[in-house]
Structure formats: C-alpha cells, structure tokens
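In what follows, every heavy atom counts, from backbone to side chain, and hydrogens, waters and symmetry copies are set aside.
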Protein chains: 2
Amino acid sequence: MMTEKRLATFLRREGYKITPQRRAILKAVAGAHDHLTPAALYERVQQAQPHIGLVTIYRTIQILEALGLICEMHAERTSRSYLLKRASEHHHHIICSSCGTVADVTHCGLDSLQQQLAKETGFEIDGHLLEFFGYCRHCQRLKSE
Amino acid sequence: MMTEKRLATFLRREGYKITPQRRAILKAVAGAHDHLTPAALYERVQQAQPHIGLVTIYRTIQILEALGLICEMHAERTSRSYLLKRASEHHHHIICSSCGTVADVTHCGLDSLQQQLAKETGFEIDGHLLEFFGYCRHCQRLKSE
DNA sequence: ATATAAATGATAATTATTATCAATTATAAT
DNA sequence: ATTATAATTGATAATAATTATCATTTATAT
C-alpha cells in the first residue's frame, strides 16, 4: 500500500519540499479508495488545512502525476479524475457508469497486441489507456427494480 | 466510407432536420482524417458557413455522438476530441503524443478479458475505452535528430 | 540561526462548455 | 406553391475547470 509517508519520501527524494499542505493532500490521496477530482480532493483536504487554496491542489496533482504516482482517469467528462497507482503495478479500471465505483484490473495482457501494433503501424508505442465501463453489482440491482 | 450524404441520411432517418449548417459540419467530419476538437471543427466549417455559431458545432457533435456516428477520444486533455466511426466497426486508436496523428486498431481481442472480468468483479460490463500512446514514424525521426 | 529557492494563496485571466430565448427555417401537410 | 409547426439557429450570458501572476511565507540545507 502507498501510505502518506511513502509518498512524502518519494517527493522528498525528488527534491520537493514537504509542506503541511502537501502532507494533507498526500494523506487524502493515500486514503481515498475511489477516484478523486481536484474539487473532491480540495474538500477533503480542507478538513485538515482549512485555508488551503485550490491552486495548491492542482499543483500537487501535477507533481504526483508527473512522478507517476497517480494516474488520470476519464470517468467524468466535466473534470479530470485521479487515482493512486500501486507502486509500479501496471493496471486499469472498471468504472461504474452509475455511481462511479472503481474496480481494478490487475493484468491486461495487452503487451503482445501492443508489440504487434508497433510492427504494423510503425508507431513506437510507449503506453496505453484501458478502461471498462458498466454497472457495479449494486447499481445493477437498482436498475432492475 | 462514411460520406456527408450517408451521415445526412442517417440524421434524417432519426428525425433531425438537415440544415446548411449541419450539412457543412457533416462534410467536415466526413472529410477529416485526424481527430477533431470542437474548436478545430468550428474553424473548418466556417469556410462554408462563415456565420455559424460555435454552439451549433457543440450541438451537432452531441447528436452525432448520441447516434454513435463519432466517438470521443482523449488525445488532448484541454478539450474533447472526436473521430468518425466507421459503421459499427469496433475499433480503437493509437495516438502520436507529438503531432496527434491517429492510427486505427481494428481489433482488440478484449472480449474474453471483458467476460472474465465481469465474472471476477460482478460488474456488468458494456464497453471499454482503449487507446495507445506513442510516437509515429515521422516524430520518431524528429526526436532522434 | 540564516540564506535561499521553492511553495503558498489571493486574485485575475483564460478556456471549454452549457443554458436561455427570440428569430429563423426545414419539413410535412395541405 | 403555401402554410403551419416544431426544430434549429445564433447572440448573449452563465457556469465550470484550469492556468497565470506575484507578493508573501516557509522548508530545508548550511
């Protein structure tokens, strides 16, 4: 698991300073099970840091993404969403179209396809985005009622 | 190939009126090889329809997407992008991170994975988004120079 | 304890998207 | 060909997300 401390260590190693604001953000990110929009993160962090600016959230997210610690998702189209990456594990998501619950896909088996495509198209492929959409158990029940 | 006429016929069948503005948009969409943002589409359509409003672009895009004639991509993060769908073909994209060129992936072989995941997670999965990122032949050359 | 560069937050600016509404127009019915 | 009707358009404004600017504060290495 990625804890607040590990994230902080990671940032420090990269030369970033650990401010109380950042600590609060890291804690919220580490503790979140679902995906987070900048606005949602803002709300949560405000409990610990009432005077934090939304800008700081955006900035920290940018850093975390650049370091590969969180990844962007496309669950909601009005705003970006982010999710904590388990250390270096390559993985994807299944997103409930109704409630937003996220389940993990730990392996995707796309490496071979990716290699084949690189040959076919001449592209140098260095990554992919894979997301499944559907309805979680709970929302399936609601639909059928 | 999807031509302007076919798209128009499709819209008409669904009860939408074919206005000169829409005709111009359909033509631009059908003629575009790469992906289009609403703003880019706006520019192109203005040659034929100088007084068209950006809003009309947005509205028409919404209709086309609802009918499944175009699909949303995530090439650029600042704005949405769309690409014409070849009729009912399930396919994905490889996007060049440098110039935005798009290559098609005509089959993905994810159906079996999707079924397996549905079992594992209890989700009712009804679709997925798959995009590859990398560098096209041209931009690879530029990078190495 | 202090110097320094990085980080913060207030504010404003930018950009994308959506809502409202009166005027216009494609279409079907005559 | 005319006309009635509902859909469409575009001007305008509103909303929402994101980024830029800059003076002030602060974490960190020394």
Do any side-chain nitrogens or oxygens of [X] fall under 4.0 Å of OP1 or OP2 in [N]?
X: R22(A); N: dA6(C); value: no
X: T19(B); N: dA7(D); value: no
X: Q21(A); N: dG9(C); value: yes

Using a distance-only test with no angle check, is there a side-chain donor-acceptor pair under 3.5 angstrom linking Y42(B) and Q46(B)?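 Short answer, yes.
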
Mapping R23(B) and V55(B) onto DNA chain C by nearest heavy atom, which one lands closer to the 5' end?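 Closest to the 5' end, via its nearest nucleotide, is V55(B).
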
Nearest-nucleotide wise, let me know which of P38(B) and R12(B) is further upstream toward the 5' end of DNA chain C.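 Its nucleotide being nearer the 5' end, the pick is P38(B).
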
Atom [atom1] of [X] and atom [atom2] of [N]: how far apart are they, to the nearest Å?
X: Y82(B); N: dT17(C); atom1: OH; atom2: P; result: 7 Å
X: L11(B); N: dT9(D); atom1: CG; atom2: P; result: 10 Å
X: Q62(A); N: dA7(C); atom1: CD; atom2: P; result: 12 Å
X: E72(A); N: dT18(D); atom1: CD; atom2: C1'; result: 12 Å
X: K17(A); N: dT30(D); atom1: NZ; atom2: P; result: 13 Å
X: L41(B); N: dT17(C); atom1: CG; atom2: C1'; result: 15 Å
X: E43(A); N: dA16(D); atom1: CD; atom2: P; result: 14 Å
X: L54(A); N: dG9(C); atom1: CG; atom2: P; result: 11 Å

Taking for each residue the nucleotide of DNA chain D with the nearest heavy atom, is it P20(A) or G15(B) whose nucleotide lies nearer the 5' end?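 Nearer the 5' end of the strand: G15(B).
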
Categorize Q49(B) for me: base, sugar-phosphate, or nothing, with a 4.0 angstrom heavy-atom threshold over every strand shown.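 Since no nucleic acid heavy atom lies under 4.0 Å of Q49(B), the category is nothing.
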
With a 4.0 Å cut-off on heavy atoms, is R59(B) in touch with a base, just the backbone sugar-phosphate, or nothing at all?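 Here R59(B) touches the bases of the nucleic acid.
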
Closest nucleotide among dG9(C), dT27(C), dA7(C) to the I52(A) side chain: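 The answer is dG9(C).
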
From the set dG9(C), dG10(D), dT17(C), return the single nucleotide nearest to any side-chain atom of T56(B).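 Closest nucleotide among those given: dG10(D).
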
Over all atoms of both residues, closest heavy-atom pair of Q114(A) and D126(A):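 Taking Q114(A) first and D126(A) second, the nearest heavy atoms are NE2-C, 4.4 Å.
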
A28(A) to L36(A) - nearest heavy-atom pair and separation: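 Closest pair (atom of A28(A), atom of L36(A), distance): O-CD1, 4.2 Å.
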
In the single-linkage hydrophobic clustering (I, L, V, M, F, W, Y; side-chain heavy atoms under 4.5 Å), do V45(B) and V55(B) co-cluster?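 No, no single cluster joins them.
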
Is the number of heavy atoms from other residues, nucleotides or ligands under 6.0 Å of Q116(A) CD greater than 12?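 Correct, the count exceeds 12.
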
